[in-house]
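Remember, predicted model here, so these are calculated numbers, not experimental data. Counting starts at 1 for both ligands and their atoms, following the listed order.
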Amino acid sequence: MSKYWSEAIQSLTPYVPGEQPKGSNIIKLNTNENPFPPSPMVLEAIHQFDTDRLRLYPDPDASALKLSLAEHFNVKANQVFVGNGSDEVLAHTFMAFFRQPQPLLMPDISYSFYDVYCNLYGIEAKHIPLQDNFCIVLDDYAQANGGIIFANPNAPTGRALTLEKIEALLQRNTETVVVVDEAYVDFGAQTAINLVDKYPNLLVIQTLSKSRSLAGMRVGFAIGSAELIEGLERVKNSFNSYPLDMLAQATAIAAIKDNDYFVETTQQIITMREWTNQQLQSLGFKIIPSKTNFVFASHRYIEAAELMGFLRTNQILVRHFSRPGINNHLRITIGTEAEMQAMIDCLKRHPDIISL
Ligand SMILES: *Cc1c(COP(=O)(O)O)cnc(C)c1O
């Protein structure tokens, strides 16, 4: 607390991201980063970059990047919004669409940044419980609302909804904005982008941080009707004209262009995820079926906090949430084959784990 702070910020509860350790011999499976380097085309774009241009401001509209995203997803350029990571796109989304008289509906277990933005913008949130098996039940969202947001696949559970269920929601919820956060969609779920032309209130948000190995560049985007995109542009241009720097724009274009590399690396992560699932199950873990680049698992006998501490002592970081309902689960990012093998080998050394 400080007497210099505005009253509104005294009550904020900021988001706490997963730890970024300084040491180098740590196996980092705690923030869902991609274990593969960015595409060789991204490295090429960096080498080709003319540093003299850095004295100039970047394109405030990131037109070339919007065009490449529009072509990739088969939409018009005015249906694309880009931001400094999808976290910023989400922030502008809450500001633009969710400050309504009715509450915003969201799953009670989901990406915790949603509550942080509600807090920041004074938006009332109504949390809809997941089923016991951690499934989102969209039928429960048929009620008065000032907007709906959920992640598909959901975080940190990893579970995905089918497109049919999402479309059924859109058919009955036409008066407020529905946001689908698809940060992990490329690891095995179906995107809702193909529905944006049919439903002008649908906004799909994706990121280059996870499936395109560019977390350090901070590039996220939204695809929706021109009407929704214009709303986001109004907020963005009232906040920061240049959210994406030149290098971010150039490397993002290169990453989108190299579709072969994207398909190859995401497929390898999916294969490694299924291997990890089998290994964890043989060590006595219960697994939630995941369509993401992480697994969400709980051990039958050993507390999650204990296992997280044990892995940590052995230089392996995984994520544990203290929130009731999920505090006996670990969220383990899928890393390289060697990293996953090291994680499994480490668990096998835990005194209470018996290989089944
Ligand atoms: C990682 C993540 C984001 C944020 O991604 P950035 O583009 O890196 O800001 C958004 N939503 C969910 C559900 C995520 O897991």
Side-chain angles (χ1 to χ4, degrees), residues 14-20 28-35 38 42 62 65 69 80-94 98 104 106-118 120 125 130 134 136 148-161 166 178-189 191-192 203-223 232 236 239-240 243-245 248-249 251-252 255-256 262 266 269 273 288 290-296 318-319 321 323 326 329 331-334:
Y15 179 75
V16 185
E19 184 184 352
Q20 293 292 351
K28 215 178 154 294
L29 308 175
N30 66 331
T31 49
N32 296 343
E33 288 144 327
N34 197 307
V42 167
L65 173 57
L69 287 166
V80 183
F81 178 81
V82 294
N84 192 257
S86 61
D87 285 339
E88 187 185 74
V89 177
L90 285 163
H92 292 343
T93 296
F94 277 62
F98 294 155
L104 171 68
M106 65 172 94
D108 64 342
I109 295 169
S110 194
Y111 187 38
S112 56
F113 229 135
Y114 304 154
D115 283 311
V116 174
Y117 291 135
C118 284
L120 177 63
L130 297 183
F134 294 122
I136 295 176
I148 296 175
I149 187 167
F150 54 90
N152 189 47
N154 198 13
T157 66
R159 273 203 187 270
L161 285 160
I166 294 174
V178 174
V179 174
V180 186
D181 179 350
E182 295 188 347
Y184 301 104
V185 75
D186 298 322
F187 300 105
T191 178
L203 189 74
V204 178
I205 299 181
Q206 291 194 6
T207 174
L208 274 67
S209 296
K210 275 87 186 221
S211 57
R212 287 186 172 81
S213 300
L214 280 184
M217 274 295 174
R218 314 304 303 127
V219 183
F221 59 93
I223 293 182
L232 288 171
K236 173 247 171 192
F239 180 76
N240 178 3
L244 289 193
D245 64 63
Q249 295 185 31
T251 52
I256 295 297
F262 160 77
T266 45
I269 290 169
R273 176 185 73 209
I288 312 279
S290 167
K291 297 287 185 194
T292 63
N293 67 338
F294 58 83
V295 295
F296 198 54
V318 299
R319 195 98 196 253
F321 300 89
R323 190 189 178 295
I326 54 171
H329 279 74
R331 192 195 68 187
I332 306 169
T333 304
I334 302 303

message: Parallel, tilted or perpendicular: which one describes the rings of Phe187 and Tyr184, with boundaries at 30° and 60°?
response: tilted
Per-atom contacts of ligand 1 with [X], taking only distances under 4.0 Å to non-hydrogen atoms:
X	result
Ser209	6 (P), 7 (O), 8 (O)
Arg218	6 (P), 8 (O), 9 (O)
Thr207	5 (O), 6 (P), 7 (O), 8 (O)

field: Gly85 near ligand 1 by a heavy-atom separation under 4.0 Å
entry: yes
task: Decide whether the shortest distance between a heavy atom of Glu88 and an atom of ligand 1 is less than 4.0 Å.
output: no
- prompt: What's the shortest distance from atom 2 (C) of ligand 1 to any protein heavy atom, and which residue and atom give it?
  reply: Lys210 NZ, 2.3 Å
- request: Among all protein heavy atoms, pick the one closest to atom 5 (O) of ligand 1 and tell me residue, atom and distance.
  value: Ser86 OG, 3.1 Å
- line: Any heavy atom of Asp181 under 4.0 Å from ligand 1? The part involved is side chain
- prompt: At under 4.0 Å between heavy atoms, which part of Tyr184 makes contact with ligand 1: side chain, backbone, both or neither?
  reply: side chain
- prompt: With a 4.5 Å heavy-atom cut-off, do Ser211 and Phe262 have their side chains touching?
  reply: yes
message: Quick one, Phe294 and Arg319 - any side-chain contact, counting heavy atoms below 4.5 Å?
response: no
field: Full working for side-chain contact (heavy atoms from CB on, under 4.5 Å) between Phe221 and Leu244
entry: CA-CA 11 Å; Phe221 59 93; Leu244 289 193; over 6 Å; no
- request: Identify which one of Asn154, Asp115, Asp181 satisfies the side-chain hydrogen bond (donor to acceptor under 3.5 Å, both in side chains) criterion when paired with Ser110.
  value: Asn154
Exercise: identify the closest heavy-atom pair between Val179 and Ile205: CG1-CD1, 3.7 Å
- prompt: Hey, is ligand 1 close enough to Tyr111 that some N/O pair sits below 3.5 Å?
  reply: no
task: Could you verify whether a donor N or O on one side chain and an acceptor N or O on the other, from Thr31 and Lys28, lie under 3.5 Å apart?
output: yes
